[in-house]
Every structure is written in structure tokens, then in C-alpha cells.
Amino acid sequence: MNIPKAYEPNKKEKKVYKLWEKTGYFNPEELPDRHDEPFSILMPPPNANDPLHIGHAVFITLQDIMIRYNRMNGKKALWLPGADHAGFETQVVFERKLKEKGKSRLDMDRDEFYKQVWDYTQKNRDLVRDQIKKLGASCDWSRDTFTLDEKVVNTTYKTFKKMADEGLIYRKKRLVNYCTNHQTAFSDLEVDHEERKTNLYYIKYGPFILATTRPETKFGDTAIAVHPDDRRYRKYVGKQIKIRTLLGEKKIKVIADEAVDQEFGTGAVKVTPAHSEVDFEIWQRHKGEMPEPIEVIDKDGKMTDAAGPYSGMDAKKARKKVAEDMDEMGILQRVDDEYEHSMSVCYKCGQEIEPLLMEQWFIDIKPLAEPAIEAVKNGDVTIHPDNYRKVYLHWMENIKDWNISRQNWWGIEIPAWKCMDCSTDENEEWIITEGEEPDECPECGGDNLEQDTDVFDTWFSSGQWPFATLINEDEPELEKYFPTSVMETGFDILFFWVARMIMLSLYRTEQIPFKDVYLHGLVRDENKDKMSKSKGNVINPIEVAEEYGTDALRMSLVVGNMPGKDMTISENEIKGYRNYVNKIWNMFRFLMMRCQDYDPKNDPKLSKKDKELLEEFKEKAKEITDDLDNFQFSHAGEKLYHYSWHRFADEIIEESKDVLEDEKKKAARQEVLISIFAGILKLAHPFIPLVTEEIYQKMPLEDKKETIMIEEWPV
RNA sequence: GGGCGGUUAGCUCAGUGGCAGAGCAUCUCGCUUACAUCGAGGGGGUCGUAGGUUCGAAUCCUUCACCGCCCACCA
């Protein structure tokens, strides 16, 4: 056998992956008999709008380790891959590409836009699939699922209908987080908070001086609020007072509400329910005393007719103009231009979020949250690392209703139809179905129905991923993989995704979606900076895998990657693991050179020392197994690295060189070395699957399997 | 405003009551027929601060400082 001195991953990796695919063992139903107990992981579907980044490589590696380890332990291991249509995210990416070509989605109709985005995501999906293969992932491609596949969409419709029937869905005109740039509403989670410096204007309101950061919204003021205990203003509470405004004289009511901070500004605040969350809540509490909210800004961020002469003006420009005009009129007392406060901004473009009153679909979330809190409290679902359990519970216990409608074109359309005949301004008549268009309105029998133009928040459908993929009539055999064993994902989507999956699973199936949640951190560069294209510090996992080998990349993503913590990675580190993989290769090369006369069928008598070496390996293997069982992947990888290199190669092999010269002891020692090395290959296989398979195929072993993938775990 | 995490060797981090560890980097020596993508050996830390508990503290308790993150309706 002519074995090259250095391992050349590029020449071997593709071939090895093809071998695996040929065996069919990625599909758990094809596994040999000893595999019975199911073990399942759902791959968090990568967005089908961009190639993979290093973060994907992290979760692919960790999940592949779990899958391969459990498969070798005789479990029916299912790793179900997928791709995410990623609604709003993809729409933004695609629109950016259109813009680069000087186009816009408004140049085409909605169907045409949808079709173009569909084609775009399918192309990306193929690319991403190849990249996942390049990373050595042993997932079951026969079950590859797209988040817009029929079964997923149907499941989403069914859930929505069930919720609507049970009164958990409501449509209300409520204040929502709106981005006038992206022209859509967001849930609270998609809003970032930033400390920014703004002007704080002090405005005369009759006998009051009120502080506000947004003078342009004053046309929407419907009350003045003070704290009920504030002695300064007690005499005004409940009274109408006369104020001078840019639109002439006006009467406005003074109300008392606990939300007002006596210490802030002058202790009195204008109430603008149509454009401020706090003010909206004040209005909810004082409906009888106040007029209906007045909307002064529209969806395009322009002033409405309610703003009189400012109508049509951009709200930001109006802010300045209104302030100037008020100053001229003498009702602007002063301006504090050093005022720093936290404001809501769009997580995508950073533009100020405009709270607007809009009709949207909401989920009454408390009834869903309660069982999901219980499931984590009682240990049905375990979160690793443990400190995220507290973070989860805190969020869940303070959860607010979820706005699931988005004003986008790319996504699952909401299966709700409005009857135009019997809907009035006060009362809209909506018909919700499981997707099919209704023939007539059940109320009035009319057929003048219009479907809602909104789509679902992507997280509403992806929150149903576990049961949408594993429970359906067409593939009943898949049900044994639900609930899944582990959900491995980034801590940044604990609320977005993990929490929603737990809630929606319990709601629809009365079962938890997964038993363990393992959260990994963010990958940063060697200076601990976030990787970003604009900084130019990104490490492209595919390029690195091509240069140093997939196994080296995987090793570098595991060792030093502690649960729930950010990790750093550098090219130098990857190079180090390339050396390690090469070291393994050379252990193999050494053994083959010195064991040419080795016959696995022989049964030589082992010396005491030989037995000790075997025993020592067993102990180390046990430690590594314990680490894997406890989600300590970094420790497991490090122990493997250390034992195989610095114990097995540096010491055991070195000591054995003399023994192998001794004809009497030689056969026994060959047996021991090959046996331990085969054990190392098995232990290492989940971490560095490609090189271990390549070597395994060439090893002289008894009862050799088709692939090391289905070898028995050596503990 | 509330919460969480971190602070250990030059760097990245393990270590949660019993003699301070790993990898990388560095220095010295060695091209010995598995591997120079290697081997042998060395240097390097008052474990953020101040106090407490203990026979014994990087580890438990308290204080402070600095860094990072998450949540939150101060106009």
C-alpha cells in the first residue's frame, strides 16, 4: 500500500461523501437491525437567500456530531434538513438586488414578484445544499423540506384556523411597530432599542409646559395627563382647558394617570394615543374621558390631513417646521438639544419605528405561554446551558400578544377573507379557513369576498416546523421521531424560534417539540469582533474547508466552543487542526508500515503492559462519551485531541517501536495498536468524519462494516 | 430601570473547596526511515478589586471596578 506522507483532503472528501450517500444510511429507515430507538434533530433551516456563513458551519458540525454519535450507539438517527423561505429577510435581500439593477418590486405585480423570488430561493437552495454536503453533514436528504412546502403551509393554515375557532386570534386596530421604509409592521422582538440624542421641546399648553421629543405629533393630542398624586396639577384634573395651537384655539381634557412620572420634565405630558405606546395605553384606561385617537402620520411617514397645513409633509421635516412655527408663535418655551433617550428602531435599516394604529392579526399569547413555561419548569424541556432557562422564563412570563401579520409579498398569505357586503367601518366580518377560498359569507350569503393582503410573520410558520415536518398523514412513519431529541441553535433566536416552537407544539400536539435545547454562541474573529462583510473579517467556511479540509474546520469550530458562549476563530487555529488531521493520517501510515504482517484473525497472548494500554484507552473513551452525553462537545474534542496525539502517538507509538522489533512481542503489540487506533477512529468519527472514514476503509479489521458510520461506539 | 454573563499565561479559553491547566504564540535543541503539517525540552500567571467563611479559596459569601449581552412604555 502506497500511502502519501500528507493527507490531502481535497482528493478524498467528495468520494467519501458519495460513499455515504450510496449506503443510504443517512435515512434512518435504512439502518441495520441493531438500530431501533429513535434519535432526531431538526436542522434549523438556513435562509434560502444567501450562501452559508461560519455560523451555519457551527451548527452543522455540532448537530452532525450528535447524529453520528447516536447513530453509532445504535439509534435510528434522523437529521432532517431544510431551507427557510425567510419571508421578510428574503424580500429585503431580493429587493436590494432589484435596486442594484435599477428596478423595484413596484415595477411588477405581486404574482410576478413572488415567482421571481421563488426562483431565486430555489437556486440558492441548491447551492446551500451542496455547501452543507461539503461540510460533511450526514442528514437525510430524502426528507429535505422547504418552509413553503405544501405540508408546512397547510399546517400553518390549520393552526391559524384552530386558534381563530378557539378565540385565540383577534384582529384589532392597535398600535403596531411600523417601519415606513420597509412598509411593514413588526413584532416587538424585531424592534431594536438604541440610545440616541434628540431634541426635547418644551411647549406651552395653556397653564402647562409640556416636554416632548415629537412636536409634530401634537395635532394628535387628545388629552393632557398628570400623575394623580401631583399636587401642582390637582386642580386641573377632569377639567377642559383652552390651549393655543398652530391650528387655532382648542379645548383639551386633563386626566390623571399613574404612568406619568412627576419627576420628568414638568410632570405633565401630552397624550397622543395614535403615535405612542404609553399614550395608547393611557387612552385604553380613560376611554370614557377622551376622544378617539387622531392619526396624524400615515404609512408613508407623511403627515395626514389632521395636520392641517402640514398635510403631506414628511414627518421628520414636519418636526422641525412645527417647532419653528411654534417658536414664532411664542408657544415654544425652550429646547434641550442634549437629550439622550432610548428609541425604537427597525432592526434591519435602523430607521425610527413609527408606532401606527393599524388593523392587524394578533395572537392572545398567554394561554399558549402558560404550558410552555410549565414544560421548562418541570423539566420536560431542558435548556443548556442552564442560565438560559432563567432568560427564557423571564421572557415568557412577561410575554405580550403577538402581531403575526406582515405587509409583505413574500410569505404565506393569511387565509382570511373579508365580506365586503356585511362589513362596516365599526365591525368587519372576516371568514377564516384552512386555506381554501370560501364560496360565500356565512353571515349574509354574499360572495363579495376579499382576501387579506398580509402574510404571516415567518416565525409563526417556522414555529410549527417540528410538527409540520414530522406529523402528517402522508408520512405516518415519521411520527416516531416526534418529539425530537435535541434542538440545537443559536441563543439569539431563543425567543424568536425556540419559545414559539414550544408554545405552538404544545398547542397543536399537546407534546413538547424537543427534550433538550442546546444553545451555541456567536462566532467572532480573533479580535473578538463580530464578523461582517463590511468589516471584511468574515471567514467563509467553504473556502476554508477547501483549503484546509472540512475536518480541520469542524474541529476548530468545536474545540473552544462552550455552550451558550461566543467563540473566536482564526485561520491560524484552523491550520492547527489541519495539522492534527494530518497527524491522524500519519498514525495510520505508521501502523500500515509496521503491521504489514498483521492478521486480524490471529489471537496473540497480550502482555500485562498491552492490557494496561487497552484499559487506559477504555477509560479515556468513557470520559469522552460522558462529555458527549452532557453536551460538552468542546471538552470531548479536546480530550480526543490530547489523547490521540500526545498520549497515543507521542508516547504509546514511540514506546512500541522497540517492541515491534521483538519477534516474540510483536504480534500482540500490533493487535493492541491497531485496536486502540481503530477505537480512536470511531471516537473521532463524529468530529472529523471524512478522514476517519477514508482511513477506516483501508484498515485491516475483523467484521469491518460498509462504513464507519454504523460501527459500534467503543464504550 | 431590571436581568444575565465575563474578568485565570502574550492570545483564545478550561478548571467551581485540596500542590495553578490546555491549545496557539515564544525560546532552545533535533531534517532519528509515520508525520518538519514533526519530535524533545524550557520560560511565562500575587486567578480584576477589597473584605469575609474555612485547616485549606481561582473555586463559597459580600463589596466595588471594568467589559459584553438581553429585556424594558421615562414623554
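B:G48 and B:U16 are spaced 15 Å apart, taking the P atom of each and rounding to whole Å. Taking the C1' atoms as reference points, B:A57 lies 10 Å from B:G18, given to the whole Å. Atom C1' of B:U26 sits at a distance of 9 Å from the matching atom of B:G43, rounded to the whole Å. Comparing the same atom, P, in B:A75 and in B:G17 gives a spacing of 46 Å after rounding to whole Å. Going from the P atom of B:C61 to that of B:G6 covers 12 Å, rounded to whole Å. Spacing of P atoms, B:U63 relative to B:G52, comes out at 15 Å, to the nearest Å. Using atom C1' as the reference point in both B:C29 and B:G68, the two lie 44 Å apart (nearest Å). With C1' as the reference atom, B:U7 and B:U12 are 14 Å apart, rounded to whole Å.
Contact check, A:His394 against B:C4: no side-chain N or O comes under 4.0 Å of OP1 or OP2. At least one side-chain nitrogen or oxygen of A:Tyr339 sits closer than 4.0 Å to the OP1 or OP2 atom of B:A75. Applying the 4.0 Å criterion to OP1 and OP2 of B:A14, one finds that A:Lys565 has a side-chain N or O inside that range.
Between the side chains of A:Lys270 and A:Thr217, at least one donor N or O lies within less than 3.5 Å of an accepting N or O. Residues A:Asp188 and A:Asn177 have side chains that bring a donor and an acceptor to within less than 3.5 angstrom of each other. At a cut-off of 3.5 Å, with distance as the only test, no side-chain donor of A:Glu354 or A:Thr180 sits close to an acceptor on the other residue. Inspection of the A:Tyr643 and A:Glu616 side chains reveals no N or O donor paired with an N or O acceptor under 3.5 Å.
Taking the side chain of A:Phe495 as heavy atoms from C-beta on, and the options B:C74, B:G15, B:C71, the nearest nucleotide is B:C71. Comparing B:G5, B:C73, B:C13 against the side chain of A:Glu281 picks out B:C73 as the nearest. Among the nucleotides B:C73, B:U12, B:A14, the one closest to any side-chain atom of A:Glu277 is B:C73.
In terms of position along RNA chain B, the nucleotide closest to A:Glu651 lies nearer the 5' end than the nucleotide closest to the other residue of the pair A:Glu651 and A:Lys270. Mapping A:His635 and A:Lys400 onto RNA chain B via the closest heavy atom, the residue that lands nearer the 5' end is A:His635.
Here the options are A:Leu613, A:Ile674, A:Asp662, the test is side chain to side chain contact (heavy atoms under 4.5 Å, CB included), and the partner is A:Arg669; only A:Leu613 passes.
Distance CD (A:Glu571) to P (B:U12): 18 Å, rounded to an integer number of Å. Across the protein-nucleic acid pair, A:Asp492 atom CG and B:C69 atom C1' stand 11 Å apart, rounded to whole Å. When rounded to the nearest whole Å, the span between CE of A:Met567 and C1' of B:A14 equals 14 Å. Taking atom CG on A:Asp261 and atom C1' on B:A72, their separation rounds to 15 Å, with Å as the unit. Rounded to whole Å, the distance from CD1 on A:Ile574 to P on B:U12 is 17 Å. Rounded to an integer number of Å, the gap from A:Arg389 CZ to B:G5 P is 14 Å. Distance A:Tyr577 OH to B:A22 P: 14 Å, rounded to the nearest Å. Going from atom CD of A:Gln262 over to atom P of B:A75 covers 17 Å, rounded to whole Å.
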With the sugar-phosphate defined as primed atoms, P, OP1 and OP2, and the base as all remaining atoms, what B/S/- string results for nucleotides 24-38 of chain B, 5' to 3', for protein heavy atoms under 4.0 Å? S---------BB-BS

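Pair check for B:C35 finds none; no Watson-Crick or G-U wobble contact set falls under 3.5 Å. Partner assigned to B:C60 is B:G52, using Watson-Crick or G-U wobble distances below 3.5 angstrom. Here B:A22 sits opposite B:U12 as a Watson-Crick or G-U wobble pair (both hydrogen-bonding atom distances under 3.5 Å).
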Report, one line per pair, each donor and acceptor closer than 3.5 Å where one atom sits in a side chain of residues 584-591 of chain A; sequence neighbours left out.
from: A:Trp585; atom 1: NE1; to: A:Pro4; atom 2: O; distance (Å): 2.9
from: A:Asn586; atom 1: ND2; to: A:Lys5; atom 2: O; distance (Å): 3.1
from: A:Asn586; atom 1: ND2; to: A:Asn582; atom 2: O; distance (Å): 3.1
from: A:Arg589; atom 1: NE; to: A:Ile3; atom 2: O; distance (Å): 2.9

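Among the atoms of the strands shown, only primed sugar atoms or phosphate atoms (P, OP1, OP2) are found under 4.0 Å from some heavy atom of A:Met562. Within 4.0 Å of A:Glu573, counting heavy atoms only, lies no atom of the nucleic acid at all.
Centroid-to-centroid, the aromatic rings of A:Phe617 and A:Phe648 stay 6.0 Å apart or farther. The ring of A:Tyr577 has its center closer than 6.0 angstrom to the ring center of A:Tyr641.
No cation-pi contact links A:Lys400 to A:Trp402, judged by a cut-off of 6.0 Å to the six-membered ring centre and 45° from its axis.
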